Peer 1: 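Here's a structure for you.
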Number of protein chains: 2
Amino acid sequence: MNTCNCEGCELRSLFFENVSNSEIESICTRKTQFHYKKGEVIIQEGDEIQEFIYLKSGLVKLYRNGSNDKQQIICFALPLDFVSLLSIFSEKYYKYSVAALEDSVTCNINLDEVKSIASQNGKFAMSIMEKINKATDNILVDFLEVKQKRLFGRIAYILLYFSRKVYNSSSFELPVSRKEMAEYIGMTVENVIRTLSDLRKDGIIKINGPIIEIADEERLERISELS
Amino acid sequence: MNTCNCEGCELRSLFFENVSNSEIESICTRKTQFHYKKGEVIIQEGDEIQEFIYLKSGLVKLYRNGSNDKQQIICFALPLDFVSLLSIFSEKYYKYSVAALEDSVTCNINLDEVKSIASQNGKFAMSIMEKINKATDNILVDFLEVKQKRLFGRIAYILLYFSRKVYNSSSFELPVSRKEMAEYIGMTVENVIRTLSDLRKDGIIKINGPIIEIADEERLERISELS
DNA sequence: TGCCGATTATGATATATATCATAGCCTGAT
DNA sequence: ATCAGGCTATGATATATATCATAATCGGCA
């Protein structure tokens, strides 16, 4: 389980910049690491919040069960993101679930330990706060952006999101099903599929099985902006 | 300007629970208090973030300018809410605006001072973090709730929100225009107006000028839930 | 006082989106 | 190997929502 090398761990500079070496050592020896296969559930809505979970590699989705039995995807998280941060300091139980969209590895740190260090180390607490703020900020901005768009704009937006922010390439394997795209943008599966087809027919994207290639990024960008 | 009595101020217990008396005194003597008339802008998108702003009384809206020149209302804030918290620890400039929906009073505290106390006082930093988390959590939940509903459900939801969370009464003066309701739920003004008319025709609400009375809360609740 | 622009209101119509139906395909389970 | 179920896909249709047009009302302001 405990296979990573803490010496070169990016968490050290990313997260523990203001923490003393001895405290880091203590955390390091007690951290746990987990591997999840694509599709596996990492956090279940209702679970007690006991750990601070950091995504070392892979891709996950945060989602919740809407009132009408449909799932709603809240956001996606990339490596270097803190997965369990939404209500981690204000709630006792998770109000959302997390599942792996690709094979993923998490590094888990006991939450009480983090809290205890933070209580005694204001600079550390401030740096956590900053990161949590940035993360929720990004979620909110994406929400607002998606909200003001219509179907085509939303699809364009999410495609550009995966292309630019996740894979940094104009060609990539879509990590989500059409259904999950629908759950994120708040539209029906059929319309997601139809819209992708339309974009393909217009030569804006190419679809080869699970592979999406953005053929005309400029037009896709315009569609995203003009709704 | 500096008219409030810090002795009995709710901020003291709400916000400064872990701060020493001398630090509180120092903050108290330097805080500033501002009065805003209904409609006045409190924070302008792009302003530098210099103060920690706390709403003593009144009601405000947080909003931003969407890409298509339309405004989007992000959320409403009530007394005891911290108005300037969204990106306050992660950004240099406000990414949203704040305006008074009712005559409002704010208590402003120099942000550097708050930061400096937090850096030296982990417990205080943690308590801020908890409050920010709760606030953004609530915003997110409302977003998700509204997102999964259709027009009628969204209108019902916002009416119940004002009735229960803001005014604690089944009869209240709507603090927002139809246009602002539309900007919050992400629909057009005409449809907001039409929907309110329909609810009135069905006897579920009564409209007397700016006064809304929820006549059949149970049905309104059902509309909100069943979308 | 009277005018102007914004807000509320309503109707007619166009458009966007959801729903329902059907089918091929793939994958996992038996 | 076969079946069941989920995912992708597409079309027809119903419904929800936006857009456009018009008008009444209200409040600020010259």
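Computed from a predicted structure; not experimentally measured. Atom set for the values below is all heavy atoms of this structure, side chains included, hydrogens, waters and symmetry mates excluded. Chain naming here is simple, since letters A, B, ... match the order of the sequence lines and numbering starts at 1 in each.
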Peer 1: Give one of base, sugar-phosphate or nothing for B:Arg200, where a contact means two heavy atoms less than 4.0 Å apart.
Peer 2: sugar-phosphate

Peer 1: I'd like to compare against my own output: the B/S/- annotation of nucleotides 11-23 of chain C with a strict under-4.0 Å heavy-atom distance to protein.
Peer 2: BB---SSBBB---

Peer 1: Checking side chain to side chain contact (heavy atoms under 4.5 Å, CB included) against B:Val60, which of B:Leu101, B:Leu55, B:Ile43 comes through?
Peer 2: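 Among the candidates, only B:Leu55 passes.
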
Peer 1: Please confirm whether the backbone N or O of B:Ile185 pairs with a side-chain atom of B:Arg154, one donor and one acceptor, at under 3.5 Å?
Peer 2: yes

Peer 1: Look at the rings of A:Phe82 and A:Phe52 and say which category their plane angle falls in: under 30° parallel, 30 to 60° tilted, over 60° perpendicular.
Peer 2: tilted

Peer 1: What is the distance, rounded to the nearest whole Å, between atom CD1 of A:Ile193 and atom P of D:dA9?
Peer 2: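 So the two atoms are 6 Å apart, to the nearest Å.
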
Peer 1: Under 3.5 Å, is there a donor-acceptor pair between the side chain of B:Asp103 and the main chain of B:Lys38?
Peer 2: yes

Peer 1: Does any N or O in the side chain of A:Thr195 come within less than 3.5 Å of the main-chain N or O of A:Phe152, such that one atom is a donor and the other an acceptor?
Peer 2: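 No, because the side chain of A:Thr195 does not come within donor-acceptor range (under 3.5 Å) of the backbone of A:Phe152.
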
Peer 1: Could you state the CZ-P distance from A:Arg178 to D:dT10, rounded to the nearest angstrom?
Peer 2: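 Going from CZ in A:Arg178 over to P in D:dT10 covers 10 Å.
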
Peer 1: What's the NZ-C1' distance between A:Lys179 and D:dG6, to the nearest Å?
Peer 2: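 For the pair A:Lys179 NZ and D:dG6 C1', the rounded distance is 9 Å.
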
Peer 1: Has B:Lys56 got its NZ or CZ under 6.0 Å from the middle of the six-membered ring of B:Tyr36, at an angle within 45 degrees of the ring axis?
Peer 2: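 Negative - B:Lys56 is either too far from the ring of B:Tyr36 or too far off its axis.
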
Peer 1: In whole Å, what is the span from the CE atom of A:Met181 to the P atom of D:dA9?
Peer 2: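 From A:Met181 CE to D:dA9 P: 11 Å.
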
Peer 1: Look at A:Ser197 and D:dT10 and indicate whether a side-chain polar atom (N or O) is within less than 4.0 Å of OP1 or OP2.
Peer 2: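 A:Ser197 to D:dT10 OP1/OP2: side-chain N or O found under 4.0 Å.
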
